[in-house]
Amino acid sequence: MKVLKFGGTSVGSASRIKEVARLVTERGKNIIVLSAMSGTTNTLVEIADYLYKNNAQGAKEVINILESKYRNTINELYTTDEYKAKAWTAIEDNFKFLRSFTKEIFTLFEEKEVLAQGELMSTVMMDLYLHEQGVKSVLLPALDFMRTDKNSEPDIPYLRRELTTMLDANADADLYITQGYICRNAYGEVDNLQRGGSDYTASLIGCAIDAEEMEIWTDIDGMHNNDPRYVEDTTPVRNLHFEEAAELAYFGAKILHPTCILPAKLNNIPVRLLNTMQPDAPGTLINNMLEGDAIKAVAAKDNITAIKIKSSRMLLAYGFLRKVFEVFETYKTPIDMVATSEVGVSLTIDNQRKLPEILDELRKLGTVTVDDDMVIICVVGNLEWHNRGYEAAAIEALADIPVRMICYGGSNYNISFLIKAEDKIRTLNLLSEKLFNVKR
Ligand code: ADP
Ligand code: ASP
Ligand code: MG
């Protein structure tokens with residue numbers, strides 16, 4: 001059995017839902033994970049913002065617009081009045097629920113419930129559409145098997161047990177549908193796996209059922225060698241090692257959520273990135289095979305802060321780095337890049353929530369300098385150190401760009417540069433020209 005995940009654009013309209021239904025029916029008995037229709041989760045965030053601000057009228061207006069979008073989709077999607085009515089009865093409950101908050105106190109808990117409505121609606125609509133087409137699909141409610149523990153980590157034994165029981169109880173189904181992104185926390189409250197987290201759902205389910213493969217279906221034919229939002233003439237990379245894909249996802253390649261590679265890698269389940277708009281395109285296969293010794297792709301991670309701690313006491317001293325890192329551990333703030341010299345250390349973080357406290361502590365260790373609004377440019381490939389010339393080529397491409405930090409050698413798969421946000425698009429384009437021979 002495989003797990004097939006379809007993102008927001010793949011189920012973003014009645015015609016797209018029909019196309020996905022056709023694709024999944026052809027592919028047999030698999031588990032289908034769906035995101036909310038594109039734009040819905042952003043709209044739910046907007047509704048939640050109004051409700052936080054006690055602006056019931058603002059929330060109502062946005063809910064009305066969203067409701068009419070769903071009404072139109074339902075009218076277009078189903079052929080028979082019977083299924084139009086069934087779908088509307090189901091979806092009406094979600095809208096009643098959204099409206100029910102306007103008179104109540106609104107907290108983080110209610111927000112999570114609001115955010116869950118998108119995936120609940122897209123999956124019901126798909127399930128009913130498949131039924132109308134005569135397909136015996138079964139809707140497996142993610143809130144009944146996807147749970148996080150007290151450390152906010154997925155509760156894998158629970159997931160495996162509950163999901164297996166549900167699959168066994170519905171053994172004669174043609175295929176299974178479930179919601180991406182949503183889950184319960186350790187206290188049974190509705191929660192989610194963070195924005196873009198449907199990829200993570202697919203990966204966790206894949207591991208729980210020991211799937212043959214996980215397919216992430218989206219709006220582009222696989223991982224491209226640069227970010228298509230900023231660079232023209234990007235091309236798909238056909239094969240990536242788990243480590244290469246993890247670096248790219250972590251450092252900004254939006255096509256994959258950063259959390260989704262680790263479970264696949266640990267369980268050695270291949271991940272395929274495919275295009276719903278062009279189902280026959282080969283896409284990208286991610287597995288444990290390292291192919292070629294070239295640079296494969298470039299990605300950029302925004303909103304980075306660089307911190308430099310300089311201390312003459314670091315000279316010939318031991319224990320200085322431990323003290324620096326302990327500060328970040330105390331404030332639960334992950335570090336991305338690190339560069340050291342004889343008298344100091346520079347590092348980067350992407351979570352600025354505890355920055356004032358961190359800086360106060362670091363100032364006890366030395367002179368601290370901060371550069372914010374920086375971007376990490378990550379160049380990924382088989383960069384094992386005996387392979388010559390790749391670092392040089394990347395650095396040469398950046399000849400005219402001011403570079404704040406460079407990291408290489410931490411893994412065999414990447415070289416990272418820290419630059420100013422204003423130089424990001426130019427840098428990505430220069431790298432495509434130099435590394436992938438894109439002519440301008
Ligand atoms: P979905 O809603 O299906 O999860 P996403 O929007 O999360 O889709 O991811 C797909 C998008 O990721 C693409 O449309 C593309 O703009 C963006 N993207 C960023 N970097 C890359 C890359 N290196 N390769 C392919 N797509 C990328
Ligand atoms: N619908 C959620 C979001 O927009 C989850 C996802 O699409 O992966 O973030
Ligand atoms: Mg996504």
Side-chain angles (χ1 to χ4, degrees), residues 1-41 70 73-74 76-80 83 87 118-140 142 167 170 172-181 196-206 209 211-224 236 238 254-257 260 264 269-287:
M1 196 183 286
K2 293 183 184 178
V3 181
L4 279 58
K5 177 258 166 176
F6 292 84
T9 21
S10 301
V11 292
S13 63
S15 59
R16 298 254 52 96
I17 295 174
K18 288 182 191 177
E19 178 60 14
V20 170
R22 193 185 62 75
L23 278 172
V24 299
T25 309
E26 275 173 2
R27 281 163 177 74
K29 191 167 179 169
N30 295 305
I31 300 185
I32 316 303
V33 176
L34 300 183
S35 290
M37 292 178 78
S38 55
T40 296
T41 312
Y70 276 80
T73 309
I74 286 172
E76 209 185 320
L77 182 58
Y78 303 95
T79 318
T80 59
Y83 273 90
E119 272 70 12
L120 292 172
M121 293 195 284
S122 63
T123 46
V124 160
M125 284 162 64
M126 178 65 81
D127 190 47
L128 286 172
Y129 179 69
L130 287 165
H131 289 181
E132 193 183 42
Q133 299 302 303
V135 179
K136 275 196 292 171
S137 59
V138 169
L139 186 56
L140 306 175
L167 293 174
N170 294 286
D172 62 346
D174 289 340
L175 55 90
Y176 305 94
I177 310 275
T178 192
Q179 299 87 14
Y181 176 60
S198 297
D199 298 348
Y200 195 26
T201 303
S203 182
L204 294 171
I205 292 178
I209 62 157
E212 171 196 336
E213 190 170 279
M214 297 177 216
E215 295 180 355
I216 308 285
W217 288 80
T218 181
D219 57 0
I220 188 164
D221 56 338
M223 177 74 79
H224 278 218
R238 295 298 173 211
K254 184 174 177 255
I255 185 170
L256 262 188
H257 195 264
C260 101
I269 301 176
V271 178
R272 216 180 269 277
L273 308 181
L274 294 159
N275 187 357
T276 320
M277 328 289 162
Q278 227 185 309
D280 297 328
T284 299
L285 176 63
I286 305 167
N287 58 17

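Quantities reported herein were computed from a predicted structural model and do not represent experimental measurements. The figures here come from the full heavy-atom set of this structure, side chains too, leaving out hydrogens, waters and symmetry mates.
Residues passing the side chain to side chain contact (heavy atoms under 4.5 Å, CB included) test with Thr123, sequence neighbours excluded: Leu34, Leu139, Ile177, Gln179. Leu4 pairs by the side chain to side chain contact (heavy atoms under 4.5 Å, CB included) definition with Lys2, Phe6, Val24, Arg27, Asn30, Ile32, Glu215, Trp217, not counting sequence neighbours. For Asp199, the salt bridge (Lys or Arg N to Asp or Glu O under 4.0 Å) test picks out Lys5, with sequence neighbours left out. Remark: Lys254 pairs with Arg229 by the side chain to side chain contact (heavy atoms under 4.5 Å, CB included) rule, at least two apart or across chains. The side chain to side chain contact (heavy atoms under 4.5 Å, CB included) test applied to Ala87 returns Ile74, Tyr78, Leu128, not counting sequence neighbours. Among residues two or more places apart in sequence or in another chain, the salt bridge (Lys or Arg N to Asp or Glu O under 4.0 Å) test is passed with Glu132 by none.
Without hydrogens or angle criteria, Glu119 side chain to Ala36 main chain gives a donor-acceptor distance under 3.5 Å. Side chain of Ser122 to main chain of Met37: no donor-acceptor pair is present (N/O by atom type, distance under 3.5 Å, no hydrogens or angles). Panel note: side chain Arg238, backbone Gly283; a donor-acceptor pair is recorded below 3.5 Å.
Taken from OH in Tyr129 to OG1 in Thr25, the straight-line distance is 8.5 Å, to the nearest 0.5 Å. Taken from CE in Met1 to CD in Glu212, the straight-line distance is 10.0 Å, to the nearest 0.5 Å. Here Asn275 contributes atom CG and Asp219 contributes atom CG; the two are 7.0 Å apart, rounded to the nearest 0.5 Å. Here CG of Asp221 is found 8.5 Å from CD1 of Ile255. Values are rounded to the nearest 0.5 Å. Here the straight-line distance linking atom CG of Leu130 with atom NZ of Lys18 works out to 13.0 Å at 0.5 Å rounding. Once rounded to the nearest 0.5 Å, the distance linking OG1 of Thr276 with CG of Leu274 reads 8.5 Å.
Arg22 has a carboxylate O that lies under 4.0 Å from a charged side-chain N of Glu19, or vice versa, which qualifies the two as a salt bridge.
Nearest heavy atoms, Ser38 versus Gly12: OG-CA, 3.8 Å.
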side-chain contact (heavy atoms from CB on, under 4.5 Å) between Val3 and Thr201, worked out: CA-CA 10 Å; Val3 181; Thr201 303; over 6 Å; no
Go through the steps for Arg16 and Val11 under the test side-chain contact (heavy atoms from CB on, under 4.5 Å), then give the verdict. CA-CA 5 Å; Arg16 298 254 52 96; Val11 292; 5.7 Å; no
